[in-house]
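One structure below.
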Amino acid sequence: MMVRVLIERHIRPGVEQELLAALREMRGGAVHAAGYVSGETLRDVDDPGHYVIISTWRSRGDWDRWAVSEARQHARRRIAPLLASPERVSVLEPA
């Protein structure tokens, strides 16, 4: 069953370009990961430091494998110092 993954990140002021570069790197790896279907990055119009990433995966197992992959962990290490608070990850399935 397909799943959608919702990741919310609140970043510190002034690090937007660094975040976007790290997100591009992460997406570049994800598109080659088994089970990746699609993804998009959104920014909150009322809170420009709030980013939401939504990705679609063929299965929970596909997401779980990508979540612990070295490529994703490398990008997360780049992103971590830019965050104002810990990221929030939700794995969602159709109701």
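Everything quoted here is computed from the prediction, not taken from an experiment. Heavy atoms only: backbone and side chains are in, while hydrogens, waters and symmetry mates are out.
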Using atom types as modelled, flag every donor-acceptor pair under 3.5 Å from a side chain in residues 10-22 to any protein atom, sequence neighbours excluded.
residue	atom	partner	partner atom	Å
R12	NE	P81	O	2.9
R12	NH2	P81	O	2.9
E16	OE1	G14	N	3.4

Report yes if the side chains of [X] and [Y] come closer than 4.5 Å at any heavy-atom pair, otherwise no.
X   : Y   : answer
R76 : E87 : yes
L42 : Y51 : no
R4  : I54 : yes
L83 : I79 : yes
M1  : P94 : yes

Indicate the atoms forming the closest heavy-atom contact of [X] with [Y], along with that distance.
X   : Y   : value
A30 : W66 : N-CH2, 3.4 Å
M26 : A75 : CE-CB, 3.4 Å
G28 : V31 : O-CG2, 3.2 Å

Shared hydrophobic cluster for L82 and V89 (ILVMFWY, side-chain gaps under 4.5 Å):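 Looking at the clustering, V89 is in the same group as L82.
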R72 with E25: basic N within carboxylate O range, under 4.0 Å: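 Salt bridge: no.
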Derivation of the salt bridge (Lys or Arg N to Asp or Glu O under 4.0 Å) call for R77 and E70: CA-CA 10 Å; R77 287 189 292 274; E70 180 53 38; 2.6 Å; yes
Verdict with reasoning, V52 to L6, per side chain to side chain contact (heavy atoms under 4.5 Å, CB included): CA-CA 7 Å; V52 176; L6 178 78; 3.2 Å; yes
Residues which pass ring-ring contact (aromatic ring centres under 6.0 Å, His included) with Y36, listed by chain and number, not counting sequence neighbours: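 Listed in chain order: W57.
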Any residue meeting side-chain contact (heavy atoms from CB on, under 4.5 Å) with A80, in chain and number order, not counting sequence neighbours: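 In terms of side-chain contact (heavy atoms from CB on, under 4.5 Å), with neighbours along the sequence ignored, A80 is linked to no residue.
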Pair E40-I53, side chain to side chain contact (heavy atoms under 4.5 Å, CB included): steps then yes or no: CA-CA 6 Å; E40 64 183 320; I53 293 81; over 6 Å; no
Derivation and outcome, side chain to side chain contact (heavy atoms under 4.5 Å, CB included), residues H50 and E8: CA-CA 7 Å; H50 178 208; E8 291 187 78; 2.8 Å; yes
Between R27 and T41, a side-chain donor and acceptor under 3.5 Å: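 Per modelled atom types, R27 and T41 side chains form a pair under 3.5 Å.
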